[in-house]
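Treat the numbers as computed from the prediction; the structure is a model and nothing was measured. We use all heavy atoms of the structure for the numbers below, so side chains are in, but hydrogens, waters and symmetry mates are not.
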Amino acid sequence: MMNADEMQAVADTLMRVVTPDMAPKQLIKAARKEHPNASKKDIARAAFFSIIANAEEDHGKARNLQAFAIAERVDGTS
């Protein structure tokens, strides 16, 4: 599991790279490009973290990350 600084770094990356038409696999690939040791679970947790931290600032990106995070959480794979 990531520490708080790593979580923040992945969350920042997710906010920077997420787009409305991005598939979950694309988002994971983009996150792992900068954070190669992050698991899918770590990335999903960072997405939830990012939603909470950034919902007020960027509703569109927060919605996209929420959809990804929920899909990964329901999927349950790591």
Going from [atom1] on [X] to [atom2] on [Y], what distance comes out if it is rounded to the nearest 0.5 angstrom?
X: Leu27; Y: Glu72; atom1: CG; atom2: CD; answer: 9.0 Å
X: Gln8; Y: Thr13; atom1: CD; atom2: OG1; answer: 10.0 Å
X: Ile28; Y: Asp42; atom1: CD1; atom2: CG; answer: 11.0 Å
X: Met15; Y: Lys61; atom1: CE; atom2: NZ; answer: 5.5 Å

Got a list of side-chain donor-acceptor pairs under 3.5 Å for residues 18-25, not counting sequence neighbours?
from: Thr19; atom 1: OG1; to: Asp21; atom 2: OD1; distance (Å): 3.0

With sequence neighbours left out, the residues meeting side chain to side chain contact (heavy atoms under 4.5 Å, CB included) with Asn37 are none

Residues passing the side chain to side chain contact (heavy atoms under 4.5 Å, CB included) test with Phe48, sequence neighbours excluded, are Ile51, Ala69, Ile70, Arg73

Quick check: closest heavy atoms across [X] and [Y], and the distance to 0.1 Å?
X: Met2; Y: Ala46; result: CE-CB, 4.4 Å
X: Ala47; Y: Phe68; result: CB-CD2, 3.8 Å
X: Leu65; Y: Ser50; result: CD1-OG, 3.5 Å

Residue set satisfying salt bridge (charged side-chain N to carboxylate O under 4.0 Å, His left out) with Glu34, at least two apart, ordered chain then number -> Arg16

- [ ] Examine distances only and state if a side-chain atom of Arg32 and a backbone atom of Ala38 form a donor-acceptor pair shorter than 3.5 Å.
- [x] yes

Across all chains, not counting sequence neighbours, the side-chain hydrogen bond (donor to acceptor under 3.5 Å, both in side chains) partners of Gln66 are none

I want to check something: taking the side chain as every heavy atom from C-beta on, are Glu6 and His35 in contact at a cut-off of under 4.5 Å? no

